[in-house]
Amino acid sequence: MKRLWLVPLAGLFLYPVIRPYDAYPQTVLLLAFLLAVQAVSWNIISGYAGYVSLGHSAFLGLGSYTAGIVGVHTGLNPFLAAPLGGVVAVLGALALGAVVLRARGHAFVIITIALLLAMQVVATNWSALTNGSTGITLDLPFWSRDYQNVPFYYFFLLLMVAAIGFSAAIRRTKFGTGLVAIREDEGKAAAIGVDTTRFKILAFCCSTFFVGMAGAGYAYFLTFLNPVGAFGILGSVTIVLSALVGGRGTLWGPVVGAFAVQIAGELATVYGGGSQSRVLLFGVALVLVVLFLPAGLLPTIARWRRSKTVEYTDQAGALAAAQVSVRVPEPTSRMADRWPLLEVRGATKRFGGLVAVDGADLTVAEGSITALIGPNGSGKTTLFNLVTGAMRADAGEIWFGGQRIDRLPPWTRGHLGLGRTFQVTRLFKSMTVLQNVVAPMPDARWRTMLAGAVSGHEADRARELLGFVGLSRFADQPAGSLSYGQQKLVELAQVLMMEPRLILLDEPAGGVNPSLVGRLCDVVRGLNEQGVTFLVVEHNVPMVLELCDPVVVFSRGKPIACGPPSLIRSDPVVLDAYLGEEATADAQA
Ligand SMILES: Nc1ncnc2c1ncn2[C@@H]1O[C@H](COP(=O)(O)OP(=O)(O)OP(=O)(O)O)[C@@H](O)[C@H]1O
């Protein structure tokens, strides 16, 4: 059943054999294959990674011009020049990606359109190479007219199969999971070790190779190239429309969409009175899809078919089966001496006129569970952001394990053993619980990146960690269906996949069912006994005083006291600044 797609594929392969003289349907189909190649490729950067390119047909144009220019100068057949077209498209993506992928959202979309139009201008004006607006005429196909378009048919069909296979392979790797993580929450992805810069540039390159190859074949099919045709916006709009109709971010959505759009466009041209009606149809379809089918056909159908009885759970029972049997870093000899694992020296962060962190110094000894408490807005989360690299400090230094880290990107800090959880959980909602736990990238090696997303010892370890936090039975549920407290525990399991030396917990008990708080403390203690150091921001003062030692008190962006809980509990400065009059009265009673 799973290989049902082989049936239509076999049909497509056999069609020209069975009906060799059906030239028109063959042409419609080969153009659908071409569109599918582009939509499936576009989906890698814009569906998986969420960076919507509206200029992707530029890479078809690059491939076309490569084949055209090489053909004119060397006589090389465009089919043979196709790999070169793919390589040129990838090189173009590599050069442009480093620049355009700095932008996000609308800015990225606009830049990609600008890019397409810029290429049109270059192709028009670089006459010596491209023959300018006069264009390039290629040799006619060498085969007999009896074969019609059959060679083009198979060329584009094979490319489509290759592009789908490539996209499926990417989706199955940790690289693919990393792209989805970037789409859902780029900051979080970086925090769990995903080198977002490398992932995005690589995805951009992957999304152009088959498009460039297809461009070479398309130039041969048309036998004529000019800048307006090769770098027109309509081609890009059609790609986006195909992926949106079928379902962006899915494997088969762009394929289904490409066939639907190509066939609908053909019908509009034939019965609607010419190619203008095709443009009108695309415009109307784009509006309708965005308004009424935002997820696309396949995801909408899948949602209808999916069982409506997703198991929403309460928090009771979670952790019941928890076993503290988890692999954590080897305790180091320095631990015994309470060596500083993290040192923040004079860190400052300003937001306009507001000084959120004001020359703060903080030391976290290896092997400790250090607390960071303080009133709302005193700068605790901002300090976390400076330590993990989510924000850059305006001044000061941060050292971790004897290495200065304040200029390193967040993922490198993660690879060094710095993990964090968030005040408001930031799981990847479209992934299952298990997929979330295997998503982190513990290092920057290519081997890790290309490893299976949910396979081998990584998956075993993720299951072990889910057992550790007591959530094994939710492994295959969507992360978003779990209760808030359970999501916090999944986030902890996710961080543990990085094998961290230090975990920064941002309000671990916030919003969590009180019955879980005690268990959460046990989990933290269990991990600490095995060598993991913790820095905990928490408003639940009784919990902090019971769990942590030392306790650092933050006020107005810097520490005002530090010591064991017994001292902090009765320190008048702390009582005044943070615990308030009520606590002062309690302490005095
Ligand atoms: N991105 C930002 N832009 C502007 N101001 C910010 C930003 N992030 C934090 N702030 C401000 O910096 C100050 C410190 O905020 P921060 O969230 O670090 O405090 P906190 O101690 O973690 O508070 P809470 O306990 O409520 O989470 C606050 O006044 C906050 O409004």
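Computed from heavy atoms alone, side chains included, the values below leave out hydrogens, waters and symmetry copies. Start at 1 and go down the list; that is how both ligands and their atoms are numbered.
Ligand 1 is approached by E507 to a heavy-atom distance shorter than 4.0 Å. Remark: distances from the non-hydrogen atoms of G379 to ligand 1 include one below 4.0 Å.
Of all protein heavy atoms, the one lying nearest to atom 14 (C) of ligand 1 is G377 O, 3.5 Å. Of the protein's heavy atoms, Q423 NE2, 3.2 Å lies nearest to atom 27 (O) of ligand 1. For atom 17 (O) of ligand 1, the closest heavy atom belonging to the protein is T381 CB, 3.8 Å. Counting protein heavy atoms only, atom 21 (O) of ligand 1 is closest to K380 NZ, 2.8 Å. Nearest protein heavy-atom contact of atom 9 (C) of ligand 1 is F351 CE1, 3.5 Å. The protein atom (non-hydrogen) at minimum distance from atom 15 (O) of ligand 1 is T382 OG1, 3.8 Å.
Between K558 and V357, the closest side-chain pair of non-hydrogen atoms is not below 4.5 Å. Residues C521 and M543 have side chains in contact (heavy-atom distance under 4.5 Å, counting atoms from C-beta outward). Side chains of M449 and L202 form a contact here, defined as non-hydrogen atoms less than 4.5 Å apart. Between R420 and D506, the closest side-chain pair of non-hydrogen atoms falls below 4.5 Å.
Geometric assessment of R198 against the ring of W411 yields a negative cation-pi assignment under the 6.0 Å and 45° thresholds. Both cation-pi conditions hold for R171 and Y48: the charged atom is under 6.0 angstrom from the six-membered ring centre and inside a 45 degree cone around its axis.
When the shell of 6.0 Å around CZ of R556 is examined, it contains 12 or fewer heavy atoms from other residues, nucleotides or ligands.
Among L354, V537, N376, the residue whose heavy atom sits closest to atom 29 (O) of ligand 1 is L354.
Atom 12 (O) of ligand 1 is flagged as protein-proximal [any protein heavy atom, distance under 4.0 Å].
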